[in-house]
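Below is one structure; the comments refer to it alone.
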Amino acid sequence: MLTYLQVFLVGGLFCVIGQILINTTKMTSARILVIFLMAGVFLETIGLYQYIESFGKAGATVPIIGFGSALAKGAIKGTLENGFLGAITAGYEAVSAGLAGVIFLAFVIGLICKSKTK
Amino acid sequence: MKDNTIFFNKKIYIEETASTVAKKEGEGPLRDYFDNVIEDDRLGQKSYELAEIKMHTATLQLLMNKAKIKQNQVDCVFCGDLMDEIVGCNFTMKNYEIPFMGIYNACATYGEGLILGGISIESGLMNRVICSTSSHFSTAERQYRFPLELGNQRTPLSQWTVTGVGATLLSTNKNRVRMDCATVGRVVDYGVKDANDMGGAMAPAVRETLLSHFKGTGRTPEYYDLILTGDLGNAGSKILKILMREDNYELEGIHNDCGSLIFNAKAQKMEQGGSGAGCSSSVFNGYIYKKMLGERYKKVLLIPTGALLSKTSALQSQSIPAIAHAVSFILEEND
Amino acid sequence: MNQETDKKNKERNDEYLQLLKKEMPKSKHLSTMIRAFIVGGIICCFGQLLTDLYKYWFNKIDIEDIKAFVTLTIIAITAILTGLGVYDKIGAFGGAGSIVPITGFANSVVSASIEHNREGVVLGLCSNMFTVAGPVIVFGISASILVGVVTLIFPGFFM
C-alpha cells in the first residue's frame with residue numbers, strides 16, 4: 001500500500017513540474033517531452049536516477065523520464081560491454097520495445113480510425 | 001479616399017443573407033438566428049476539408065434560393081477561408097458558374113469581401129455580388145495547431161475556430177439595410193509573438209482602423225448602436241477598450257465581439273470565445289442582420305479582425321501582424 | 001521606415017506588451033497543478049499495478065523484460081484510447097499529467113497518424129506520424145550515443 005503512495009507521489013510530482021512549465025512558458029507537448037527525456041538521460045548519467053527509481057518505482061519509470069534513463073542506462077552498459085558499437089546501438093536497443101510498439105500501433109490505429117468531431 | 005475611408009455614394013443594400021453553423025455553435029446563445037445548424041460536421045464526407053466545401057456550397061445555394069435568384073443573376077462571388085491557398089473556396093466555386101475572386105485576410109476576410117463587393121457595385125461595373133467566408137474547426141486545428149486527437153491542454157487565451165459559413169448578397173435593389181461607408185484596414189504589428197494570443201495581436205489593428213474611421217467620417221463611437229469586432233475574444237476586447245480610452249474614445253456599452261457572442265463562455269467552456277473566417281460572417285449574417293431588421297440595432301459598425309501569421313512565420317519567431325476592416329451598416333426607415 | 005519611426009514603434013510595442021502582460025488572463029495554476037498531480041499519479045500507479053501483476057503471473061521472466069511489457073501495455077491502451085477519440089479529453093483535463101508519462105509520447109504519435117490518414121497511407125499517415133514526437137526520437141538517440149561516447153572516454157566513472 002505504502003509503495004503505491006510513493007508511486008503516486010513521485011509520478012504526480014514529475015507531472016506537476018511539467019504543468020508548471022506549461023503554465024509559465026506556454027510550451028507545447030513536443031518541448032515538454034524533450035525536456036523530460038533529457039532530464040532522464042542526465043540524471044541516469046550522473047548516477048542520481050537510481051535513487052529516485054528505488055523510491056518511486058513506477059512513478060519514476062512510467063514518465064518519459066524513465067524512457068530517458070533507460071536510454072542512458074542501456075548506452076552505458078552496452079559501451080562497457082561492447083565498446084564503440086555498444087555506444088551507438090545499446091541505448092536504442094534498451095528502449096526498442098517501446099519505440100517499435102508505438103510505431104506499429106500508430107500505423108495500425110491510423111489505418112483504422114478517423115479523427116472525431118470535437 | 002481620406003483617412004483610408006470610402007463612402008458609397010450609390011445606395012448599396014444587403015439584398016439577402018444566409019448562415020450555416022455546426023452543432024457546437026448551434027448550442028450557443030445565437031442558435032435560433034442561424035439559417036442552418038448541421039448535426040454532423042463531417043457531413044458524411046471523407047475528410048473535414050470536403051465537409052467545409054460542402055457546407056460553403058450549400059450556404060451559397062441557400063442564399064440564392066432565399067433571394068429567389070439564379071446564379072446567372074450574380075455578377076461575382078468574393079470569398080475566402082482559412083485553408084491553405086483558400087482551397088475551400090476554390091473547390092466550392094467549382095460548383096458554380098459565377099465569376100470568382102478569391103480573397104484572403106485571415107479572419108478579416110469577410111470585411112475585405114464586403115469592401116471589395118461594395119467598390120465593385122459603386123463603380124457601376126457590377127450590380128449584384130456575393131461576399132462570403134467559411135471556417136471549420138477541424139480543418140483549421142490540424143493546419144495551424146495540432147492533430148485533433150492530441151491530448152494537449154488549451155491555454156486560457158485560446159479561441160475555438162468556428163465551424164460556419166456566412167454569405168451576403170449585395171445589390172442596388174432597395175432594401176432595409178444599407179452599407180454606407182467603410183474604412184480599409186492596414187497591416188498593424190505591435191510586436192506580439194505569442195501565437196496563442198490572437199486577441200492581443202489583433203486589438204491594435206482594430207484601434208488603428210477605428211481611429212482612421214472616426215477621423216475620416218467625423219463620427220464618434222456614440223454614433224453607432226453597436227461596434228462589433230470579429231474575434232478579439234473576451235480578453236482582447238478588454239485590451240481594445242483600454243487602448244481606445246488612451247485615445248479618449250469610450251467603447252463600453254457600445255462594443256461587442258462576434259467571438260464572444262457565438263459561444264456561451266462558461267457553459268461551453270470557451271474561455272475566449274470563437275474565432276475564424278466564418279465567425280464574423282455567420283454571426284453578422286445570422287444574428288446581427290435579423291436584429292437590424294427587428295430595429296434592435298439601427299447603426300452597426302462591423303470590424304472583422306485577422307491575424308496575418310502563418311505556421312512558418314510563427315516557427316521562425318516572427319511577430320504577428322494583424323488587420324481589421326470596418327464596414328458601416330445603416331437601417332433605412334420603411335418608406 | 002526611418003530610424004526615428006522604428007524607435008518610436010519599438011517603445012510603443014514594449015509598452016503594449018507590458019499592458020498585455022498585466023491585463024491578459026493568466027493560467028489557473030492551482031487547479032491545473034492539482035489535476036496534473038492526480039492524473040499523473042493515477043497513470044503511474046496503474047503502471048505499478050501492471051508491474052506487480054506481471055511479476056506475479058510471469059515470475060520466471062527477467063525484471064527488465066517485465067518493464068518492457070508494462071511499457072507496451074500502457075502504449076497499447078493509450079493508442080486505443082486515442083483511436084476512440086477519448087484520450088484528448090483526458091489530456092485536456094490532466095494537462096501535464098497525461099503528457100509527461102509515456103502516454104503522452106504514444107498519444108502524440110498515434111494522433112498524428114490518425115490525423116493524416118486522409119492524405120493516404122504512405123505520403124499522409126507515414127510521412128507525418130512524427131510531426132509532434134520526432135524531436136523525442138532525435139534527441140533520445142543522439143543523447144544515448146553521446147552518453148555512450150562519454151562512457152568510452154571515462155569508463156571508470158560508470159563501472
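We use all heavy atoms of the structure for the numbers below, so side chains are in, but hydrogens, waters and symmetry mates are not. Numbers restart at 1 for each chain; the letters A, B, ... are given by sequence-line order, proteins then strands.
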query: With only heavy atoms counted, which part of L157(B) is less than 4.5 Å from chain C, the side chain, the backbone, both or neither?
result: side chain

query: In terms of heavy-atom pairs under 4.5 Å, which option from A235(B), A203(B), G236(B), S138(B) contacts chain C the most?
result: A235(B)

query: Roughly how far apart are L19(C) CG and Y190(B) OH, rounded to 0.5 Å?
result: 11.0 Å

- prompt: For the atom pair CG (N107(C)) and CG (N152(B)), what is the distance rounded to the nearest 0.5 Å?
  reply: 8.5 Å

Per-residue contact mode, K10(C) against chain B (heavy atom under 4.5 angstrom): neither

- prompt: So which part of I99(C) gets closer than 4.5 Å to some heavy atom of chain B, the side chain, the backbone, both or neither?
  reply: side chain

task: Under 4.5 Å, counting heavy-atom pairs only, tell me which of K89(C), K26(C), E23(C), E15(C) racks up the most with chain B.
output: E23(C)

- prompt: Of all heavy-atom pairs between F93(C) and Q153(B), which one has the smallest distance, and what is that distance?
  reply: O-NE2, 3.6 Å

- prompt: How long is the gap from CD on Q45(B) to CZ on R118(C), to the nearest 0.5 Å?
  reply: 12.0 Å

Chain B contacts, top residue of S108(C), A96(C), S111(C) (heavy-atom pairs, under 4.5 Å): S111(C)

- prompt: Where does Q272(B) contact chain C at under 4.5 Å (heavy atoms): side chain, backbone, both or neither?
  reply: side chain

- request: Inspect the surroundings of OH in Y249(B) and state if more than 12 heavy atoms from other residues, nucleotides or ligands are less than 6.0 Å away.
  value: yes

task: With the side chain counted from C-beta on, respond yes when D189(B) and N9(C) share a heavy-atom pair under 4.5 Å apart, and no when they do not.
output: no

message: I need the minimum non-hydrogen distance between L148(B) and E115(C), along with the two atoms involved.
response: N-OE1, 2.7 Å

Check against side-chain contact (heavy atoms from CB on, under 4.5 Å), I239(B) and L20(C): CA-CA 7 Å; I239(B) 296 288; L20(C) 284 183; 3.7 Å; yes

query: Under a 4.0 Å N-O cut-off, is there an ion pair linking R12(C) with E246(B)?
result: no

- line: Applying a strict 4.5 Å limit to non-hydrogen atoms, the region of T32(C) in contact with chain B is side chain

query: Between D197(B) and chain C, which part of the residue has a heavy atom less than 4.5 Å away: side chain, backbone, both or neither?
result: side chain

- prompt: Has the side chain of Y16(C) got a donor or acceptor atom that lies under 3.5 Å from a matching backbone atom of G200(B)?
  reply: yes

statement: Looking only at heavy atoms, the pair that brings S98(C) and G151(B) closest together is OG-O, 3.9 Å

query: Quick one: what part of T155(B) sits under 4.5 Å from any heavy atom of chain C, side chain, backbone, both or neither?
result: neither

- request: Return yes if some donor-acceptor pair links the side-chain N/O of D14(C) with the main-chain N/O of G191(B) below 3.5 Å, else return no.
  value: no

message: Are there over 12 heavy-atom neighbours, none belonging to E11(C), within less than 6.0 Å of that residue's CD?
response: yes

field: Atom pair CG (N196(B)) and CE (M24(C)), whose distance is rounded to the nearest 0.5 Å
entry: 11.0 Å

task: Drop me the distance from K46(B)'s NZ to N117(C)'s CG, to the nearest 0.5 angstrom.
output: 12.0 Å

- prompt: Between V132(C), T82(C), I114(C), N128(C), which is the residue that forms a side-chain contact (heavy atoms from CB on, under 4.5 Å) with P147(B)?
  reply: V132(C)

task: Check whether more than 12 heavy atoms from other residues, nucleotides or ligands sit under 6.0 Å from atom OH of Y54(C), and answer yes or no.
output: yes

